[in-house]
Amino acid sequence: KSPWPPGSTAAENGLPPDPAHYTHSYIWIKKKGFERLDPMVNTRPDKREIKMHGMELPVVHQLQKRFPDHDIYVIKHGPSGRTLFNDWKPARTNALYDRFLDFYREGMAQLSAEYPAVRVVGFYWDQGESDGPQADKYGENLTRFIAKLREDTKLPGLKVFVRKHLFPGGAMDKIIAGQKAVAAKVPHCYLLDIDRGS
């Protein structure tokens, strides 16, 4: 019974959903390369034209304001309802991790050819709701995941931004504790604690 309309809640949160506002922001689409970001079409690269976006929208909105002369590129792979301990496990064959790495490598190859000075500013991680069965191991799993990601991307100092879960209780308390522990001990790892307001 949310008062928001179905689909995107961008406008209700002060973010323009019109692609005309994202004139130099791009998102990676498999087999197509980078497309201009359109919140109503391609912010779910694996499911086009679903009016759902994630953190990429407020991030590119802010980056465009702060760096008006720079192009901003997003490489996103974010299917919902998946576990870190199984679905994203780097050691697993054909895991989501491998698919994301393919996106990353192909996207960066294109960018590096066009922009020799391209740089990765960070990796955003927003996951954990499905990890209840192994909640007590979430911190260990995330630490290993980040180490492997930095190794495979050849970015040892990659900044990792972990969104702290909004709703505590039950297994989520253990997952949140794991997130906090990782942010406290892993270098260049930051916990984003978003205020839900009212």
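The structure places OG1 of Thr83 at 8.0 Å from CD of Gln134, a figure rounded to the nearest 0.5 Å. For the atom pair CG (Leu84) and CZ (Arg144), the distance works out to 8.5 Å, reported to the nearest 0.5 Å. Taking OG1 from Thr153 and CE from Met108, the interatomic distance works out to 9.0 Å, rounded to the nearest 0.5 Å. Note: Glu151 CD to Ile146 CD1 = 14.0 Å, rounded to the nearest 0.5 Å. Rounding to the nearest 0.5 Å gives a distance of 10.0 Å between CD of Glu56 and CG of Asp126. Atom-to-atom distance recorded for Ile72:CD1 and Leu37:CG is 10.0 Å, nearest 0.5 angstrom.
Grouping the Ile, Leu, Val, Met, Phe, Trp and Tyr side chains by contacts below 4.5 angstrom, directly or via other members, places Phe100 with Leu142. A continuous path of ILVMFWY side-chain contacts below 4.5 Å connects Phe145 to Phe103, so both sit in one hydrophobic cluster. Both Val120 and Val186 are part of a single hydrophobic cluster, where members link through side-chain heavy atoms under 4.5 Å apart. Hydrophobic clustering (side-chain heavy atoms under 4.5 Å, transitive across Ile, Leu, Val, Met, Phe, Trp, Tyr) keeps Ile175 apart from Phe85. Residues Ile176 and Ile194 fall into different hydrophobic clusters, defined by Ile, Leu, Val, Met, Phe, Trp and Tyr side chains chained together at heavy-atom separations under 4.5 Å.
Between Gln127 and Arg82, the closest heavy-atom pair is NE2-O, 3.0 Å. Across all non-hydrogen atoms, the minimal contact from Leu158 to Arg150 is O-NH2, 2.7 Å. The two residues Pro17 and Met40 have their closest heavy-atom pair at CB-CE, 3.7 Å. For Ile75 against Gly107, the heavy-atom pair with the smallest separation is CD1-CA, 4.1 Å. Residue Ile27 comes nearest to Thr43 through the heavy atom pair CD1-CA, 4.0 Å, listed as atom of the first residue, atom of the second, then distance. Taking both residues in full, the closest heavy atoms of Lys148 and Pro90 are given as CG-CB, 3.7 Å, listed atom of the first, atom of the second, then distance.
Gln179 contributes no side-chain N or O that, together with a main-chain N or O of Leu191, makes up a donor-acceptor pair within less than 3.5 Å. Checking side-chain atoms of Asp38 against main-chain N and O of Pro19 turns up no donor-acceptor pair under 3.5 Å.
Two residues are said to be in side-chain contact when any heavy atoms from C-beta on lie closer than 4.5 Å; Leu155 and Leu149 fail this criterion. For the pair Val118/Tyr73, no side-chain contact is recorded, criterion being any heavy-atom separation below 4.5 Å from C-beta on. Here the side chains of Phe34 and Gln110 are in contact, with some heavy-atom distance below 4.5 Å. In this structure, Arg44 and Ser80 have side chains that are in contact, with non-hydrogen atoms separated by less than 4.5 Å.
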Test salt bridge (charged side-chain N to carboxylate O under 4.0 Å, His left out) on Lys174 and Asp136 and set out the steps. CA-CA 6 Å; Lys174 292 180 181 178; Asp136 55 338; 5.6 Å; no
Could you check Phe161 against Tyr190 for ring-ring contact (aromatic ring centres under 6.0 Å, His included), going step by step and ending with a plain yes or no? CA-CA 5 Å; Phe161 301 91; Tyr190 308 93; 5.4 Å; yes
Starting from the C-alpha separation in whole Å, work towards a yes-or-no answer on salt bridge (charged side-chain N to carboxylate O under 4.0 Å, His left out) for Glu129 and Arg163. CA-CA 12 Å; Glu129 293 94 336; Arg163 200 262 297 160; 3.8 Å; yes
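Using modelled atom types and a 3.5 Å distance limit, the side chains of Tyr115 and Asp71 yield a donor-acceptor pair.
For residues 19-29, the pairs satisfying side chain to side chain donor-acceptor pair (under 3.5 Å) are Ser25-Gln64, with sequence neighbours left out.
Results of the salt bridge (Lys or Arg N to Asp or Glu O under 4.0 Å) test with Glu106 over Arg99, Lys31, Lys30, Lys32 single out Lys30 as the only residue that passes.
Salt-bridge annotation for Arg92 and Asp87: present, with a side-chain N of the basic residue lying under 4.0 Å from a carboxylate O of the acidic one.
Relative ring orientation between Trp88 and Trp125 is described as perpendicular, the plane-to-plane angle rising above 60° on a 0-90° scale split at 30° and 60°.
Within 6.0 Å of the NZ atom in Lys159, the count of heavy atoms belonging to other residues, nucleotides or ligands does not exceed 12.
Ring centroids of Tyr104 and Phe123 are separated by 6.0 Å or more, keeping the two rings apart.
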